[in-house]
Colleague: 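Could you have a look at this structure, given as structure tokens, before my questions?
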There are 2 protein chains.
Amino acid sequence: MPVTLKDIAEKVGRSVTTVSRALHDYDDVSPETKELVRRVAAEMGFTPNIMAQRLQKRRTDTIGFILPTFGPRFSDPFFSEFLAGVGNTAAKLGYDLLVSTCPPGEQELEFYREKVQSYRVDGFVIVRTRRDDTRIKYLSEINFPFVAFGRTENPAQHPYVDEDSELGMRLLANHLVDLGHQKIAFIAAPDHLMFTHYRLKGFREGLLERGILLDDSMIGIGDLTQRGGYAIAMELLDRPEPPTAIAACNDLMALGTISAAQEHGLVVGQDIAITGFDNIPLAEHCHPPLTTVHQPIYQIGEMVCEMLIKRIRREFVDEEQILLNPSLVIRQSCGGAITRR
Amino acid sequence: MPVTLKDIAEKVGRSVTTVSRALHDYDDVSPETKELVRRVAAEMGFTPNIMAQRLQKRRTDTIGFILPTFGPRFSDPFFSEFLAGVGNTAAKLGYDLLVSTCPPGEQELEFYREKVQSYRVDGFVIVRTRRDDTRIKYLSEINFPFVAFGRTENPAQHPYVDEDSELGMRLLANHLVDLGHQKIAFIAAPDHLMFTHYRLKGFREGLLERGILLDDSMIGIGDLTQRGGYAIAMELLDRPEPPTAIAACNDLMALGTISAAQEHGLVVGQDIAITGFDNIPLAEHCHPPLTTVHQPIYQIGEMVCEMLIKRIRREFVDEEQILLNPSLVIRQSCGGAITRR
DNA sequence: AACCGCATCCAAAACGTTTTGGAAACAAAT
DNA sequence: ATTTGTTTCCAAAACGTTTTGGATGCGGTT
């Protein structure tokens with residue numbers, strides 16, 4: 001049914017070769033022929049068959065993005081925004097974006113392997129890097145293009161874009177102590193995730209810089225969801241000596257923490273300080289607005305994607321490792337200087 | 001570099017045809033040969049070249065999902081959850097999911113056309129249907145498979161999954177009046193979106209059933225974001241006679257409304273009732289928890305995807321139009337019966 | 001007249017699969 | 001001895017493109 005090169009060739013009385021070359025503006029085709037071919041192609045509504053092109057060129061013009069996510073009900077605003085950044089950039093540069101989800105674990109690598117071997121994608125975007133990340137190890141080993149949002153502990157350097165969240169958290173910790181807080185809790189996430197590792201580390205050091213030791217009993221391990229943050233905060237606030245400040249390692253858990261505090265009858269930003277990390281859109285519009293560290297997720301998505309495509313095309317990439325500087329966003333949830341308690 | 005059928009054929013001393021047929025378990029291949037071919041294929045790490053398969057079979061095993069979204073900073077939890085439902089189902093049934101974003105408008109149709117003509121996808125998932133939806137018109141016309149989340153006003157029926165949000169809103173309106181509210185405002189969204197149309201309609205009728213006329217001056221038109229809901233709510237609450245209840249047509253705007261009310265010193269659920277629609281995860285964990293109408297977005301994603309794939313495969317679909325019953329989720333944000341003001 | 005350079009064209013191969021339409025070998029039935 | 005049927009195999013075509021390696025003709029130089 002659809003129009004092929006052959007159809008055009010027959011119509012204009014030239015060979016398929018010539019038609020193809022005319023459409024690609026090769027200079028061994030006369031201007032008149034080019035003109036003719038182009039006109040007829042447009043008239044007939046020709047669109048090249050992508051699969052045939054891809055087969056022939058041995059590339060897919062597709063980049064893969066496998067969301068490492070558990071269970072059905074995931075809804076991290078992070079992902080949709082990052083996805084938009086990657087997707088739009090990919091489209092702009094002529095690439096498709098192939099998305100799937102796979103819970104982290106055993107079969108994850110199988111997923112990647114399958115996509116690589118069956119020529120389904122030209123490269124991968126990796127997110128939620130882990131301290132020891134088998135995905136990155138695998139792709140490095142077989143020398144398959146990828147760019148990660150986040151670093152790993154693997155000594156072999158790989159291309160990445162990341163924010164220096166260690167620094168961000170250090171600044172935040174400084175800020176909390178400067179406001180007068182002493183009993184400070186931290187809601188972390190599983191330590192094998194690189195970014196929570198950095199954030200906890202930065203927080204701990206930031207407190208230490210001001211002479212405060214982060215008590216291990218004041219560290220909760222959450223699952224990055226609102227519900228998770230809520231549960232841990234409830235537990236922290238039920239203690240005989242509850243913290244006066246709680247820093248969560250992402251905004252979603254911070255929002256849960258706010259709910260927990262309000263349920264305890266506390267006025268957030270006055271009776272208790274709560275902070276997050278990410279600066280998701282919600283952070284600005286919750287009540288009270290959340291003090292957090294900004295992370296330009298959409299832009300990071302763009303950068304990662306652009307870098308990946310450059311690598312795929314073997315173009316020159318001037319910076320293979322990009323570390324962005326974080327910026328503190330002080331809002332009402334951490335209040336002014338502490339006075340009571 | 002990668003292993004092809006030809007490589008296997010040479011190794012086992014059979015033809016490419018036989019190898020292909022052996023791997024597909026055709027019964028004109030002897031058990032011994034099958035066994036041999038399979039073993040060697042596994043040994044050599046054979047994975048079929050997808051592009052070649054697709055070219056030959058004239059299908060892509062890919063479904064398209066074009067997010068109709070404006071600007072960079074979009075972050076509707078709706079999308080990520082729906083996406084997960086669609087994506088996981090697609091993967092389970094052996095399909096790829098091709099995602100891109102395109103702002104609604106002129107070029108949108110071009111996007112679809114291009115993907116159709118170049119054989120990039122076998123079908124589309126459509127979301128955010130509009131009263132007069134050119135995407136659906138186009139795809140129906142050329143008889144290209146698609147399934148929509150949402151209905152349209154086009155008389156020609158198309159396959160869809162939708163929730164009866166008119167009913168949901170009617171119940172919600174009943175509930176608010178039963179709590180004693182009289183001055184009630186509604187935050188809608190642009191009327192060309194089918195779902196906001198239904199929701200406004202249902203709300204209006206629900207009030208009418210209880211003898212209350214929804215005042216046009218009490219209807220704001222938002223952009224479905226938290227920020228938008230906030231702005232409209234601020235305006236409503238600044239009036240000399242502010243509403244005692246505000247119903248937003250989605251949760252995100254309801255959350256913005258809560259912020260606005262709190263900024264006005266109101267205790268939500270006590271001084272004012274606020275309701276949403278969708279029951280996004282955030283609705284449960286904000287403060288106070290949001291009264292809303294549940295919409296099983298992940299499951300709808302699954303259903304839409306499953307239905308689409310059945311249509312692509314020309315399998316029997318017993319229900320082409322599925323309308324789900326909504327269920328009210330009463331939480332604290334609308335409080336008990338109204339007493340003050 | 002022979003050669004060269006140039007402009008324009010194209011047949012055939014290649015990418016890796018699946019499908020089509022038999023062929024070959026053998027056993028069983030007539 | 002021929003036919004019929006069964007089992008197992010395969011060459012070749014097809015999907016629609018791009019690339020390779022010339023071929024052809026023509027005007028201009030020697």
Side-chain angles (χ1 to χ4, degrees), chain A residues 1-38 40-41 44-62 94 96 114-122, chain B residues 1-38 40-41 44-62 94 96 114-122:
Chain A
M1 183 72 11
V3 182
T4 70
L5 286 184
K6 203 167 144 198
D7 299 330
I8 302 178
E10 274 162 20
K11 191 109 165 191
V12 302
R14 294 290 143 84
S15 74
V16 170
T17 309
T18 302
V19 172
S20 170
R21 297 177 82 79
L23 291 174
H24 285 85
D25 207 21
Y26 276 59
D27 53 11
D28 62 353
V29 180
S30 76
E32 298 77 35
T33 308
K34 271 185 197 171
E35 176 49 28
L36 176 65
V37 166
R38 279 203 266 254
V40 172
M44 300 177 75
F46 171 77
T47 325
N49 180 310
I50 297 261
M51 295 308 158
Q53 276 181 333
R54 289 177 176 175
L55 173 60
Q56 153 70 28
K57 297 207 144 181
R58 254 142 308 175
R59 52 168 214 229
T60 65
D61 289 332
T62 301
D96 282 350
E114 196 260 355
K115 297 228 182 298
V116 168
Q117 288 188 348
S118 61
Y119 273 105
R120 218 184 278 257
V121 300
D122 291 341
Chain B
M1 186 67 17
V3 182
T4 70
L5 286 185
K6 204 166 141 198
D7 299 330
I8 302 180
E10 275 162 18
K11 192 109 165 188
V12 302
R14 294 290 141 84
S15 74
V16 171
T17 309
T18 302
V19 172
S20 171
R21 297 176 82 79
L23 291 174
H24 285 84
D25 206 21
Y26 277 59
D27 53 11
D28 63 353
V29 180
S30 75
E32 299 76 39
T33 307
K34 271 184 198 170
E35 175 49 29
L36 176 65
V37 167
R38 280 203 265 256
V40 171
M44 299 177 76
F46 170 77
T47 325
N49 180 311
I50 297 263
M51 294 309 158
Q53 277 181 332
R54 289 177 176 173
L55 173 60
Q56 150 71 26
K57 298 209 145 182
R58 254 143 309 177
R59 51 169 217 230
T60 65
D61 289 332
T62 301
D96 282 350
E114 196 259 356
K115 298 227 182 298
V116 168
Q117 287 188 349
S118 61
Y119 273 105
R120 219 183 278 257
V121 300
D122 292 340

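Keep in mind that this is a model prediction, so the values were computed, not measured. The chains referred to below are lettered A, B, ... by the order of the sequence lines, with proteins before strands, and numbering in each begins at 1.
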Colleague: Is the phosphate of D:dT8 approached by B:T33 (side-chain N or O, under 4.0 Å from OP1 or OP2)?
Modeller: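 No, because none of the side-chain N or O atoms of B:T33 sits under 4.0 Å from OP1 or OP2 of D:dT8.
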Colleague: Which is true for B:T4 with a 4.0 Å heavy-atom rule: it touches a base, it touches only sugar-phosphate, or it touches nothing?
Modeller: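 Touches sugar-phosphate only.
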Colleague: Is there a side-chain polar atom (N or O) of B:Q56 under 4.0 Å from OP1 or OP2 of C:dG16?
Modeller: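 So the side-chain polar atoms of B:Q56 never come under 4.0 Å of the phosphate oxygens OP1 or OP2 of C:dG16.
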Colleague: Are side-chain heavy atoms of B:V3 and B:F46 found at a separation under 4.5 Å?
Modeller: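 SC-SC contact between B:V3 and B:F46 confirmed.
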Colleague: Just to confirm, is there a sub-4.0 Å distance from OP1 or OP2 of D:dG16 to any side-chain nitrogen or oxygen of A:Q53?
Modeller: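 So the side-chain polar atoms of A:Q53 never come under 4.0 Å of the phosphate oxygens OP1 or OP2 of D:dG16.
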Colleague: Is B:D61 close to B:D96 at the side-chain level, that is, under 4.5 Å between some pair of heavy atoms?
Modeller: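 B:D96 does not reach B:D61 side chain to side chain.
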Colleague: Which residue, B:V37, B:L5, B:I8, forms the side-chain contact (heavy atoms from CB on, under 4.5 Å) with B:S20?
Modeller: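 That would be B:L5.
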Colleague: Is there a side-chain contact between B:R58 and the phosphate of D:dC15, meaning an N or O under 4.0 Å from OP1 or OP2?
Modeller: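 False: B:R58 side-chain N/O out of range (4.0 Å or more) of D:dC15 OP1/OP2.
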Colleague: Please report, rounded to the nearest Å, how far the C1' atom of D:dT17 is from the CE atom of A:M51.
Modeller: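 Atom CE in A:M51 sits about 13 Å away from atom C1' in D:dT17.
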Colleague: Do the side-chain N or O atoms of A:S20 get closer than 4.0 angstrom to the phosphate oxygens (OP1, OP2) of D:dT18?
Modeller: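 Checking D:dT18 against A:S20, a side-chain N or O does come within under 4.0 Å of OP1 or OP2.
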Colleague: Among C:dT18, C:dC10, C:dT20, which is the nearest nucleotide to the side chain of B:L5?
Modeller: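 The answer is C:dT18, which lies nearest to the side chain.
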Colleague: Do B:E114 and B:R120 have side chains that approach each other closer than 4.5 Å (heavy atoms only, starting at C-beta)?
Modeller: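 When only atoms from C-beta onward are counted, B:R120 and B:E114 do touch, with a gap below 4.5 Å.
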Colleague: Is A:Y26 near enough to D:dT19 that one of its side-chain N or O atoms lies under 4.0 angstrom from OP1 or OP2?
Modeller: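 The answer is yes; a side-chain N or O of A:Y26 sits under 4.0 Å from OP1 or OP2.
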Colleague: Specify the residue among B:L55 and B:T18 whose closest nucleotide of DNA chain D lies further upstream toward the 5′ end.
Modeller: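 Per heavy-atom nearest nucleotide, the more 5' residue is B:T18.
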Colleague: Side chains of B:L36 and B:K11: closer than 4.5 Å at any heavy-atom pair?
Modeller: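 Of all side-chain heavy-atom pairs linking B:K11 with B:L36, none is under 4.5 Å.
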Colleague: For A:R21 and for B:V29, locate the closest nucleotide of DNA chain D by heavy-atom distance; then report the residue assigned to the nucleotide nearer the 5' terminus.
Modeller: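 The 5'-side residue here is B:V29.
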Colleague: Just compare C:dT17, C:dA12, C:dT8 and give me whichever is closest to any side-chain atom of B:P48.
Modeller: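 Nearest listed nucleotide: C:dT17.
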Colleague: Does A:R54 have a side-chain nitrogen or oxygen under 4.0 Å from the phosphate oxygens OP1 or OP2 of C:dC15?
Modeller: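 For C:dC15, neither OP1 nor OP2 has a side-chain N or O of A:R54 closer than 4.0 Å.
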Colleague: The side chain of A:K57 lies closest to which of these nucleotides: D:dT19, C:dC10, D:dA14?
Modeller: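 Closest nucleotide to the A:K57 side chain: D:dT19.
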Colleague: Starting from C1' on C:dC9, measure out to NZ on A:K34 and report it in whole angstrom.
Modeller: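 Spelled out: NZ on A:K34 to C1' on C:dC9 is 13 Å.
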Colleague: For the side chain of B:N49, starting at C-beta, report the closest nucleotide among C:dC9, D:dT18, C:dT17.
Modeller: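 The answer is C:dT17.
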Colleague: Look at the side-chain N and O atoms of A:T17 and state whether any lies under 4.0 Å from the OP1 or OP2 oxygen of C:dC9.
Modeller: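 Indeed not, no polar side-chain atom of A:T17 lies that close.
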Colleague: Using whole Å, what does the distance between atom P of nucleotide C:dC10 and atom CG of A:L23 come to?
Modeller: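 Computing the A:L23:CG to C:dC10:P distance gives 14 Å.
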